[in-house]
Number of protein chains: 2
Amino acid sequence: MVSSRNLSRVTNRQLIIQQLFNHSQTSRVELARILKLNKSTVSSIYNELNKSGLIKSLGLGESTNSGGRRPHLITLNKQYGWVACFDIGGYGLRSLVTYLNGEMIQVAEKSLDTINVRELLKEIDRMMENFLASDDTDHGLLGIGFSVHGVVYENKIQSTPFFDFKSIDLQKYFEDRYHVPVILENEANAVAVFEHDFGRENNVDDLITISIHAGLGVGIIVDGDLYRGYRGQAGEIGRQLVHRRGDTTASLVKVESLCSEKAILDRFRQIKHRPNYQLKQLYLLYQRGDTDTVNLIDNAITVLTTTIYNAVVSYGPQVVYLNSPLMESIPDIFRKVHHRLIDLNMNVPIYEIRGSRYPSLLGTSSLIIHHVLGMENYSLKFKWPKEVNHID
Amino acid sequence: MVSSRNLSRVTNRQLIIQQLFNHSQTSRVELARILKLNKSTVSSIYNELNKSGLIKSLGLGESTNSGGRRPHLITLNKQYGWVACFDIGGYGLRSLVTYLNGEMIQVAEKSLDTINVRELLKEIDRMMENFLASDDTDHGLLGIGFSVHGVVYENKIQSTPFFDFKSIDLQKYFEDRYHVPVILENEANAVAVFEHDFGRENNVDDLITISIHAGLGVGIIVDGDLYRGYRGQAGEIGRQLVHRRGDTTASLVKVESLCSEKAILDRFRQIKHRPNYQLKQLYLLYQRGDTDTVNLIDNAITVLTTTIYNAVVSYGPQVVYLNSPLMESIPDIFRKVHHRLIDLNMNVPIYEIRGSRYPSLLGTSSLIIHHVLGMENYSLKFKWPKEVNHID
DNA sequence: TATTAGTTTATATAAACAACTAACTTACGA
DNA sequence: TCGTAAGTTAGTTGTTTATATAAACTAATA
């Protein structure tokens, strides 16, 4: 517990954990120098952390040219434990297991077309059993995180288009079952956390990620922290109202009805009278120059461009990331949106996130690891996984 | 200086100052009970603050029915010093002097139509001399704050439509001149700070204020803190691009070109061929039902409605405030916008700020007082001044 | 006499400090 | 080439200092 008494102790321990986390190796003197703490203070906290098993020794380092004792190199013990993360969306269920440092251990995926919540819970439990069976860490499972395509507030799902979660409190269910902390977060927010915590540049503390799936959502990082809004309602930009270009009536439509992946696919199926067409067919017909399809995509590009532009003037981010399976399928879309934005003199860099299966899971991993370590208010930097790529 | 050593002392002192600030009277035991500190800890810090003159005694309070010694009531000594605030806009210059607790002492105003920066500085200095002459506080001037109609970043004006500030660093100029801290803030942000810190409900920590003047800007409070965006660029929603209703071309226009006060007045003067018409004439012709004028206003109402709606889904605030001399002149506008928003099922309460001369100045006063007291990260609640009213 | 406000004194925690040991490099003389 | 002294750096140990808490006190009330 943090009382007034041991406030500085807790703070100093957090600073040391942060330093351990963010640097692949360090030593006691280095900690003292960087954190401006006395060597004895560092030693005292080091002993505490070491006793709890959070520190791993890396042997001796090199001494300087002018001599001196060699430092004992140390690092965070990633084998201390593991966390599980799940992404729940329209497509089904994806999961990821990472060590305490966010390093991927394994992934799993299960598509669920028509499912009820019981089915989903059973599938999650099956995955958890597998994960628990292959555990090779010191203290085992430390926490579970969920990324949800819907509005989340205080670890409760407020609304989601996919399942009926009114009947079940996911957090309570899994906390009771596995006796570890469980957190829930909105998918777009999780992706934003991923970009911030796994980002290659360390100094980007104001960014937005735009997720284009069934709807259109923004994840917002402000000054390094997630901006959720009142009751988690911030960033629902898909619900913005616009006049359709050339529409002479007074009618307003939601932007996501014009440019979300779902809206585009629905319209495509309708135009082509093929209820089973997928992204693949959309890509093929677009490639072939099919007029209807090209018009459909061009229109979406127009709407997307202004929506992104407007998000930038609204949120004032340093960087924008787009997270969209649609754009991964049809690379032309991002290319054209990008060019249009440059034509509009938008001088904020914009990137596409590739490997869009992992970002929300990794962001969730970061969130639960922050929580497990009691480091909610500290920036922890994670290593970029090879499976995820950036394109600009 | 905050070192690891005296961290808890600094924190506890801040907690006590916060409590003193936010409650018109308190006592040492009460501080100890509320802050969960030992009575002796409170006494120790009390003595420190008392020696520095920050505390004023209010005599003895009442003892309980069951007896016991009467408490010595204390309060923050508002007479400790004063701060000066200036609002610089297209209309000219407004200023406000407050005590350390944000209580108004005096105001001044000077309209400047065609001015250069030198003129402006001279006018500010003149006002400052008057303020200094009538000073009745213990330690005199403590700080100066500026509210600027333009983008501000790290106390520097990045851009403003009104003056050429490239040549002058206001902060440095006045810090050198008066040897007190000087801060600059964007006007919409200052209004947002005003609504948060002077707000009647204490628990609204997510709100936006929409300022409608020459342009259209949003001030955003997230979790009790100002959200400025990268280089202060957040909230420039006037620069959002939209299709004009019924426009069959592909052209996009800035929303502020359709619904800002300046845009409306400009168009009004153009339609009526009267370059000197002001808000008064606009109001009169609107009242008389002049077709051109009614259409102009109706169109602005339409654009304002969707812009506010879109801001709400983007930022997810708990409350929205509108700050607009235009709406103060023509109350119909707010009434209609409000009704339209209800028709759109926007369930976030929206209020109009009346007395729009003071909010930005009072918000700036809060900012500089926070700074002077070293309380940047603490919420200080100010008393609502009688001159400012809310309408919903 | 019981109760509450506030102070004083003693004690505990933890950070800083100073002085130590440990372990290294370099320089230099035999 | 070896040995050793001098200098350097890492990390520990004992001491001091700041500060929060606890307990025992005084003061003032119903």
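Chain A is the first sequence line, chain B the second, and so forth, proteins listed ahead of strands; every chain is numbered from 1.
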Which nucleotide, [options], lies nearest any side-chain atom of [X]?
X	options	result
A/Ser66	C/dA15, D/dT9, D/dA30	D/dT9
A/Asn6	C/dA14, D/dT12, D/dT8	C/dA14
A/Ser63	C/dT25, C/dA14, C/dG6	C/dT25

Without decimals, in angstroms, what is the distance between [X] [atom1] and [N] [atom2]?
X	N	atom1	atom2	value
B/Arg33	C/dT3	CZ	C1'	12 Å
B/Tyr46	C/dA5	OH	P	15 Å
B/Leu15	D/dA20	CG	P	11 Å
A/Asn47	C/dA15	CG	P	13 Å
A/Arg28	C/dA22	CZ	P	15 Å
B/Gln14	D/dA20	CD	P	13 Å
A/Asn38	C/dA18	CG	P	10 Å

More 5' along DNA chain C: A/Leu60 or A/Ser8, using each one's nearest nucleotide?
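First, find each residue's nearest nucleotide; the 5'-ward one identifies A/Ser8.
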Which comes earlier along DNA chain C counting from the 5' end, the contact point of A/Arg70 or that of A/Lys36, where each point is its nearest nucleotide?
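Upstream on the strand: A/Lys36.
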For B/Thr41, which contact category applies under a 4.0 Å heavy-atom criterion: base, sugar-phosphate, or nothing?
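It contacts base atoms.
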Sugar-phosphate, base or nothing in reach of B/Asn65, heavy atoms under 4.0 Å:
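Sugar-phosphate contact only - B/Asn65 comes under 4.0 Å of backbone atoms but never of a base.
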Verify the contact: side-chain N or O of B/Ser27 to OP1 or OP2 of C/dG6, cut-off strictly under 4.0 Å; return yes or no.
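It does, given that an N or O in the side chain of B/Ser27 lies less than 4.0 Å from OP1 or OP2 of C/dG6.
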Counting only side-chain N and O atoms of A/Asn12, is one of them less than 4.0 Å from OP1 or OP2 of C/dA15?
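A/Asn12 to C/dA15 OP1/OP2: side-chain N or O found under 4.0 Å.
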Go through the N and O atoms of the side chain of A/Arg69 and the base of C/dA23, and report whether any donor-acceptor pair is under 3.5 Å.
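Looking at the base of C/dA23, it does not pair with any donor or acceptor on the side chain of A/Arg69 (distance under 3.5 Å).
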Can you find a donor-acceptor N/O pair under 3.5 angstrom joining the side chain of A/Ser40 to the base of C/dC17?
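Per atom types, the contact qualifies.
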A/Val204 to A/Val319 - nearest heavy-atom pair and separation
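What the structure gives for the nearest pair is CG1-CG2, 3.7 Å.
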I need the minimum non-hydrogen distance between B/Ser365 and B/Gly102, along with the two atoms involved.
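Minimum heavy-atom separation between B/Ser365 and B/Gly102: OG-CA, 4.1 Å.
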Between B/Tyr99 and B/Tyr80, does the ring pair (Phe, Tyr, Trp, His ring centres under 6.0 Å) criterion hold? Intermediate values first, please.
CA-CA 8 Å; B/Tyr99 287 118; B/Tyr80 182 91; over 10 Å; no
Taking for each residue the nucleotide of DNA chain D with the nearest heavy atom, is it A/Gly68 or B/Arg9 whose nucleotide lies nearer the 5' end?
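By nearest-heavy-atom nucleotide position, the 5'-most residue is A/Gly68.
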Main-chain N/O of B/Tyr46 paired with B/Asn50 side-chain donor or acceptor, under 3.5 Å:
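Answer holds: no.
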Between A/Tyr230 and A/Tyr153, is the ring centroid distance below 6.0 Å?
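Ring-ring flag for A/Tyr230/A/Tyr153: false, centres at least 6.0 Å apart.
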